[in-house]
Amino acid sequence: MTATAFPSYRSILALAGPIIGLQLAQVALTSTDLLMMGTLGVQAVAAGGLALLLYNQLRTMCVGMVTGVGNQIAAAVGRGEKRSGSHTLDQQSVSEVQSILRAAFAVATLSAIAGGLLLVGLGYGLRWLHQSPAVVNLTLPIMFTLAPGLLPMIWLNVLRQFAVGMRRAGSLLAVTLTSIGINILLNCLFIYGWFGLPTFGLAGIGLATTLVQLWTFLVYLRKVQRDEKLSALLTLEGWRAEGSEIRRIVRMGTPIALTYGSEAAITSIATLLMGMFGPVMLAASNIVNQLAYIVYQMNIGLSQGSSILVSRAVGRHEGDHIAPIARRSFTLSFGVMGLIGLLYLFIPQAVLWPFTHTHNTPELSATASVLLWFAIAHQFFKGSQNVCIGLLRGLGNTRAGLINTLAGYWVVGIPVMALCAFTTQWGGFGVWFGLCLGFAVTSILLWLSFLRELRQLQHPENLTQQALK
């Protein structure tokens, strides 16, 4: 890409594709976990799905703490390219990138440890949240075995941000497919006690996921070490991180983590509310939420890919590139989500079959089919808001995402969920209506924030200030 050419669809996909692949590798673990839970019965799907939801919430918040690392590296590279007048990094940029990496690994380690402890604590707290005692007893063991997997998973995300920030993420298709196969095999070994192993049940599913997280991190680390340009900059010495750099990552990452946490919290609250309407409603919600979560990974990839391109454009003082990046990212997002929405409308039973065929009942099938209609709106609103958050992050604005999600979720979404569920007699369907409305309001607010930022960048002095952040 030349200094004057606008980023094309191909350049966006070149960054977004590997991110989507890695995200899908993570989701493939929880998706195959949910499929395997189906062999253990509806209560296992309810309990295990609840555990995975809370795990994903904390995982997302921990990832948020290091998500800005890719933007910081891209901006440092952009400034270096601007100084050198070429794609060669000067020594100042090399030192800056390595300093960012050391601090990122320090922040990742501390975040993952805190997240694991909190996950176990939430497992003990479920009994006070009006969940079925049988569901609570099944949930706690899997939380214990899921918690250690946060460490290699967050380290993996630091490596991913490093590679993407350097625009050398590479393909992870082989890793994704292999991780799915390994996870299924380990699930079978630990659930059913094959080859004389103990029978762990749901806890075995969490153990399998943790082991696959560790394997995926080691494979990706080896991939980075084999890349000539990345290996020359790679450092894992988090214990040598500078305090000022750690504080800079935490300042940028905390609003992102809280934004992601707020987003995950509204889904977790919705799930807890669904649990009040019985195991069938909870199981149906877990299944449809997992389907929506799979689609959501595409938007995470587009969000981070476009965000990196915006950060690089800011570093190179190419403000006129930002609007085309946004338009093309939304075009890709809405196009794919539209096609998936058609599948939900016309072949709902085929979409649901992988999750329902082992212990399907007419009530479960009918409930999940109705929730798929809500999932269409859910995907569009939640996906578009995530792309907006990425674009704003590329401009150095992480506070707008937090403020707007707090308004959309906590002022609108959660009150409407409770109102529609318990006062209009809509039950679980009212919960999903409030969930979609919260995402819709948040998406509109974020879009307006991005447009304001874009208008401000029309002044050259503002672009210079953004590049120096």
Side-chain angles (χ1 to χ4, degrees), residues 14-29 59-77 89 93-94 96-113 115 148-176 178-179 209-241 245-246 249 252-253 256-257 260 297 300-301 303-305 307-308 311 390 393:
L15 283 176
I19 298 172
I20 294 170
L22 188 52
Q23 287 296 128
L24 288 175
Q26 298 293 327
V27 175
L29 302 183
R59 177 180 72 85
T60 302
M61 292 185 70
C62 291
V63 168
M65 290 300 298
V66 298
T67 295
V69 169
N71 296 91
Q72 292 175 350
I73 289 175
V77 170
L89 294 183
S93 294
V94 170
E96 189 174 351
V97 168
Q98 290 183 327
S99 179
I100 293 170
L101 264 181
R102 284 191 288 268
F105 275 109
V107 171
T109 301
L110 294 174
S111 299
I113 292 172
L150 287 171
L151 269 171
M153 191 274 300
I154 306 301
W155 292 337
L156 173 66
N157 275 273
V158 173
L159 291 179
R160 178 183 68 173
Q161 293 297 331
F162 167 49
V164 171
M166 295 294 297
R167 292 177 293 132
R168 298 184 68 84
S171 173
L172 285 169
L173 179 61
V175 177
T176 301
T178 306
S179 68
T209 298
T210 291
L211 292 175
V212 174
Q213 297 281 17
L214 178 60
W215 175 83
T216 306
F217 164 69
L218 293 175
V219 170
Y220 194 62
L221 174 62
R222 184 58 179 159
K223 183 180 180 66
V224 170
Q225 290 173 331
R226 288 177 174 175
D227 185 293
E228 183 178 350
K229 291 188 177 181
L230 294 181
S231 62
L233 297 170
L234 178 64
T235 173
L236 306 177
E237 300 171 326
W239 59 90
R240 292 184 52 207
E245 197 64 59
I246 290 177
I249 289 177
M252 187 173 191
I256 300 172
Y260 286 177
Q297 306 316 304
I300 290 178
S303 173
Q304 294 194 27
S307 183
I308 294 297
S311 290
R393 185 171 66 247

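Start at 1 with the first residue, then count along the sequence. Note that the structure is a prediction, hence the values are computed from the model and not measured.
Closest non-hydrogen pair, Phe217 versus Pro152, comes out as CB-O, 3.6 Å. The minimum heavy-atom distance linking Gly390 with Ser307 is given by the pair O-OG, 2.8 Å. When all heavy atoms are compared, the tightest approach of Gly115 to Cys62 is CA-SG, 4.2 Å. Contact between Ala76 and Val97 at its shortest, heavy atoms only, is CB-CG2, 4.5 Å.
Side-chain contact between Gln72 and Glu96: absent, with no pair of heavy atoms (C-beta onward) separated by less than 4.5 Å. Looking at Phe162 and Val158, their side chains never come closer than 4.5 Å, going by heavy atoms from C-beta outward. Lys229 places none of its side-chain heavy atoms less than 4.5 Å from the side chain of Met166. The shortest distance between side-chain heavy atoms of Ile73 and Ile308 does not fall below 4.5 Å. Side-chain contact check for Gln98 versus Glu237: every heavy-atom pair is 4.5 Å or farther apart. Arg59 is listed as a side-chain neighbour of Leu150, based on a closest heavy-atom distance under 4.5 Å. When side chains are defined from C-beta on, Val66 does not count as touching Phe105, because their heavy atoms never get closer than 4.5 Å.
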Step-by-step side-chain contact (heavy atoms from CB on, under 4.5 Å) determination, Val164 to Gln304: CA-CA 9 Å; Val164 171; Gln304 294 194 27; 5.7 Å; no

CA sep, side-chain torsions, deciding dist, call: Leu221, Leu234, side-chain contact (heavy atoms from CB on, under 4.5 Å): CA-CA 10 Å; Leu221 174 62; Leu234 178 64; 4.1 Å; yes

Verdict with supporting geometry, Met252 and Asn71, side-chain contact (heavy atoms from CB on, under 4.5 Å): CA-CA 10 Å; Met252 187 173 191; Asn71 296 91; 4.0 Å; yes

Verdict with reasoning, Val219 to Thr178, per side-chain contact (heavy atoms from CB on, under 4.5 Å): CA-CA 11 Å; Val219 170; Thr178 306; over 6 Å; no

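A distance of 10.0 Å separates CG of Leu151 from CG of Leu110, quoted to the nearest 0.5 Å. Put simply, CG on Asp227 and CD on Gln225 are 11.0 Å apart, with the number rounded to the nearest 0.5 Å. If you take CD1 on Ile249 and OG on Ser99, they are separated by 8.0 Å, rounding to the nearest 0.5 Å. Interatomic distance, CZ of Arg393 versus CD1 of Ile256, reported as 5.0 Å (0.5 Å rounding). Atom CZ of residue Arg222 and atom CG of residue Leu159 lie 13.5 Å apart, to the nearest 0.5 angstrom. Put simply, CG on Leu156 and CD on Gln161 are 10.5 Å apart, with the number rounded to the nearest 0.5 Å.
Between the side chain of Asn157 and the backbone N or O of Met153, at least one donor-acceptor pair lies under 3.5 Å.
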